[in-house]
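Okay, so here's the structure we're looking at.
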Amino acid sequence: MASTAETDVMMAADGVPLKIKLRRAERMRKIWALGLIAPLFIFIVGGFIVPIISLMTLSVEDPELNEALPRTAEIFSQWDGEGYPSEEAMLVFAEELSTADRGEFGRVSKRLNYDISGFKSMLKATARASDELTLLPADQILQGFIDIDDDWEDQAYWRAIKGASSAYSDYYMLWAVDLKRDGETGEIISVDEGRAVYVEVLIRTIEISFAVTILCFLMGLPIAYLLATLPTAKSNLLLILVLLPFWTSLLVRTTSWLVLLQNEGLVNDLGIWIGLWNEPLELVRNRLGVYIAMTHILLPFMVLPMFSVMKSINPWHMRAAASLGAPGWKAFLKVYMPQCMPGVGAGTLLVFILSLGYYITPALVGGPDDQMISYWIVQNMGRNANWGLGAALSLILLVLTMVMFFIYNRFVGIDNLKVN
Amino acid sequence: MTDSGHNRVAGANEPLVRFENVQKTYDGEILVVKDLNLDVERGEFLTLLGPSGSGKTTTLMMLAGFESATHGDIILDGKSLKTVPPHKRNIGMVFQNYALFPHMTVHENLAFPLQCHGVDKSEQESKIDAALAMVELTGFERRRPGQLSGGQQQRVALARALVFQPQIVLMDEPLGALDKQLREQMQIEMKHIHENLGLTFVYVTHDQSEALTMSNRIAVFNDGIIQQLDDPETLYEKPKNAFVAEFIGENNQLLGTVKDVSGDRCTVELASGEIIKALPVNIGGVGEKSMLSLRPEVITVEPGSDNSCDDIHTATVRELIYMGDHTRVRVETCGNEDFVIKMPRGSGGRSFDVGQDIKIGWHSQDCRALDAA
Ligand SMILES: Nc1ncnc2c1ncn2[C@@H]1O[C@H](COP(=O)(O)OP(=O)(O)OP(=O)(O)O)[C@@H](O)[C@H]1O
Ligand SMILES: [Mg+2]
């Protein structure tokens with residue numbers, strides 16, 4: 001007490017100023033807290049953030065030509081794209097072709113083949129003869145190229161090389177939305193009709209997700225309401241039925257739908273046996289099958305958040321509404337549903353976002369026109385080994401998800417999100 | 001809403017609500033309400049009072065329409081309620097937990113019943129303003145229930161139950177969640193609101209002082225049966241049976257056997273041998289058991305010769321508890337160790353010693369001989 005009067009600084013019993021004591025005590029607590037979150041933090045950074053960032057960079061990189069033929073890339077990027085490139089540029093190109101590493105050469109020819117099919121084989125032939133090309137005098141070099149393949153006369157091939165010359169480009173991003181840069185003018189234009197797929201896939205993905213979300217909502221609402229209002233014993237049984245799908249593998253559930261819905265499947269057999277229809281119905285390998293299977297699989301994600309919110313709604317509110325003169329439907333719409341909104345929001349968001357990324361189910365029970373964006377990501381990342389396009393499509397999926405999230409946050413508020 | 005006051009005059013001869021032989025069971029085994037016959041008069045403040053589980057809420061819920069009567073009929077304003085759904089009964093209700101709609105503002109909460117009853121917009125506003133003014137919450141329109149204190153929520157609930165001018169307002173322990181001081185304040189306010197509006201209130205509580213403060217009449221429930229239905233004064237001063245005497249206010253009980261009944265007095269012999277004169281209220285014949293009930297405040301300590309006590313006994317002081325305005329003296333007398341006497345401040349209650357023998361007396365008409373429940 002006496003010391004505080006003299007110095008104005010509060011001292012702890014051992015003479016250390018209180019503030020320093022407090023800071024020390026808090027520092028220990030902070031270190032503890034950091035220590036506790038460190039494993040998860042490192043895991044998230046290493047397993048989530050880093051891959052996503054590298055994926056995002058992949059989608060804007062265009063490195064093949066730069067790596068395989070660096071001098072060509074350099075000199076072609078200075079060409080204005082009018083007429084033919086300079087003879088010097090062609091010479092550098094021929095020189096580098098003759099000395100290129102085989103693996104790198106393979107990648108660059110594949111990349112150029114994306115632009116003009118047939119480019120790959122032409123480039124191969126050119127590379128084989130490149131030694132002779134380098135010996136030609138400058139004014140005959142174009143003729144030399146044309147002698148190897150007539151197509152070299154077409155400026156589009158030369159412009160394709162220029163198009164691939166910068167290390168970063170919007171090439172794959174444009175491709176992912178069925179666009180490209182015009183070789184002559186550099187303007188963004190649509191790709192040829194035959195090659196346009198991804199916008200349709202994107203629309204289809206949103207369409208399927210939307211439909212599945214609506215179906216889940218319509219089917220989940222009464223279930224969640226029952227769960228929340230039935231006596232505990234019955235609602236527990238019902239809850240187990242709802243959760244049951246969670247305990248079975250996704251693949252098993254999907255394939256069992258395949259078994260059930262196929263032409264000789266249980267549903268068709270039953271329908272014909274009862275006499276509801278005569279010919280087997282096409283229930284699977286089409287959009288209907290996708291809707292049925294995805295709705296079934298995603299239903300718990302709709303039911304659980306709605307249930308947990310409904311559970312917390314005071315059951316007396318409905319009685320209060322009735323006593324105030326509201327008939328049942330009005331009480332439900334005006335009093336019950338608005339209070340469910342956080343749960344409905346969480347459920348729809350969850351189901352929509354999960355559906356956006358669905359792959360296995362549409363792949364198994366859908367037809368060729370029912371494949372969603374994930375299918376094409378897998379196709380490009382895997383079979384086509386077109387990482388740039390795969391990454392660009394993934395980025396679109398990510399952005400789509402984030403947009404959904406933003407909309408939700410805007411209208412419902414993320415702090416209202418209640419998932420059990 | 002003030003115009004409903006005329007009901008009291010217009011239909012004074014006919015009760016607003018009549019329960020006719022109403023029985024209720026939830027499980028088919030136990031009757032929660034056993035043969036209820038109850039008239040609610042127009043404009044009165046009727047309280048259903050009783051211990052937990054005695055069927056008060058059940059009775060209220062049957063009237064509101066949330067539970068159906070297993071047997072019997074409920075008549076509201078001359079019409080059977082059997083086929084009338086809750087939302088068409090025009091009964092206002094205040095729930096124990098208020099049941100305010102959390103997603104609506106105070107204004108929207110009050111507008112809800114008006115919309116349901118098809119009141120047009122301009123009229124709505126004036127009614128809401130009047131209702132909020134009545135509960136002194138003008139200016140709180142934009143708040144949500146979560147931003148109000150318990151007492152304010154209670155007022156909103158009350159305003160909401162009144163704003164659409166129901167024929168009758170039911171309240172199920174509406175003050176249960178408030179602290180003592182606020183509760184007492186609200187009791188007086190609700191009493192005033194009732195007097196000003198002239199509406200019929202049916203109020204449920206298990207707090208007897210609350211019932212005594214507010215009600216015109218009190219129905220004491222126990223075990224699904226109305227034990228007594230009377231105005232507060234009669235109920236307190238002239239309980240008809242041991243349960244009511246015990247439940248309303250404090251009382252000292254002495255168990256004995258009726259020895260003799262003559263005119264307006266009977267004599268009862270206690271197990272400890274004393275013979276006590278009492279007012280026969282609810283006793284069987286001679287030889288039957290009877291419970292004698294004495295309020296603590298009717299006992300006189302050291303009665304003088306001028307006092308009209310006609311029954312005087314010795315008692316041993318066991319405990320003195322100073323309560324401010326009075327002193328509680330616990331004595332042992334007539335075989336009862338928990339015999340309590342209230343001595344007002346200044347009457348010398350503090351001067352006794354524990355263990356001291358004193359004389360106590362009472363007037364035999366204050367000693368009520370009841371059934372030996
Ligand atoms: N929904 C129900 N199902 C089964 N039994 C019930 C139900 N509601 C009430 N009961 C039983 O009916 C009896 C009377 O209940 P009620 O709620 O009417 O009592 P109460 O007088 O309001 O009591 P409290 O003062 O505790 O509110 C109790 O024994 C209770 O257990
Ligand atoms: Mg109750």
Side-chain angles (χ1 to χ4, degrees), chain A residues 217 221 224-226 228-235 305-349 408-419, chain B residues 26-27 57 60-67 84-105 108-119 131 144-146 153 156-174 202:
Chain A
F217 173 71
L221 187 69
Y225 183 76
L226 272 184
T229 47
L230 278 183
T232 320
K234 283 181 195 155
S235 86
M306 285 207 290
F307 160 61
S308 80
V309 171
M310 283 176 171
K311 191 94 189 159
S312 68
I313 295 177
N314 185 343
W316 288 93
H317 286 166
M318 290 295 273
R319 291 184 163 189
S323 84
L324 296 170
W329 61 268
K330 187 163 188 171
F332 187 79
L333 285 184
K334 289 279 170 74
V335 174
Y336 200 80
M337 273 318 281
Q339 295 189 61
C340 293
M341 280 331 278
V344 173
T348 45
L349 181 76
Y408 177 83
N409 195 20
R410 194 62 193 275
F411 290 104
V412 188
I414 207 67
D415 37 349
N416 277 332
L417 197 76
K418 280 196 184 148
V419 189
Chain B
Y26 285 105
D27 51 10
T57 299
L60 216 56
M61 288 302 142
M62 288 191 291
L63 179 50
F66 302 129
E67 295 291 351
V84 185
H87 68 274
K88 294 211 176 123
R89 293 194 178 190
N90 201 22
I91 293 176
M93 184 138 192
V94 180
F95 297 88
Q96 180 163 13
N97 46 30
Y98 315 138
L100 295 175
F101 305 138
H103 59 292
M104 297 185 189
T105 61
E108 288 164 339
N109 263 286
L110 264 67
F112 184 79
L114 297 174
Q115 284 159 8
C116 292
H117 286 88
V119 177
R144 288 183 192 276
Q153 291 182 22
V156 175
L158 183 61
R160 189 179 68 173
L162 293 170
V163 73
F164 64 103
Q165 297 169 339
Q167 309 180 61
I168 181 167
V169 179
L170 313 182
M171 300 189 224
D172 192 0
E173 302 192 35
V202 178

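Throughout, a chain's letter reflects where its sequence line sits, starting with A, and its residues are numbered from 1. Remember, it's a predicted structure, so these values are computed and weren't measured experimentally.
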| said: Out of the candidates Met337(A), Gln339(A), Lys334(A), only one should pair with His103(B) under the side chain to side chain contact (heavy atoms under 4.5 Å, CB included) rule; please name it. | reply: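 Checked Met337(A), Gln339(A), Lys334(A) against His103(B); only one passes side chain to side chain contact (heavy atoms under 4.5 Å, CB included): Gln339(A).
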Region of [X] in contact with chain A, defined by heavy-atom distances below 4.5 Å:
X: Pro85(B); result: neither
X: Phe95(B); result: side chain
X: Leu100(B); result: backbone

| field | Shortest non-hydrogen contact between Trp316(A) and Met61(B), atoms and distance | value |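 The answer is CZ3-CE, 3.4 Å.
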| query | What closest approach, in Å, do Ala326(A) and Phe112(B) show between heavy atoms, and which atom pair accounts for it? | reply |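 Nearest pair, atom of Ala326(A) first, then Phe112(B): CB-CZ, 3.6 Å.
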| query | Side chains of Leu324(A) and Phe101(B): closer than 4.5 Å at any heavy-atom pair? | reply |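 Heavy-atom side-chain distance check passes, below 4.5 Å.
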| said: Measuring only between side-chain heavy atoms, which start at C-beta, is His317(A) closer than 4.5 Å to Pro102(B)? | reply: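 The answer is yes; the side chains approach within 4.5 Å.
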| request: Output the option from Pro86(B), Ala99(B), Gly92(B), Gly65(B) having the highest count of non-hydrogen pairs under 4.5 Å with chain A. | output: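 Heavy-atom pairs under 4.5 Å are most numerous for Ala99(B).
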| said: Let's test your reading of the structure: which of His117(B), Met93(B), Gln96(B) forms the most heavy-atom pairs below 4.5 Å with chain A? | reply: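 Top option by heavy-atom pairs under 4.5 Å: His117(B).
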| query | Looking at Ala320(A), Gly325(A), Ala322(A), which has the largest count of heavy-atom pairs under 4.5 Å with chain B? | reply |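 Most heavy-atom pairs under 4.5 Å with chain B: Gly325(A).
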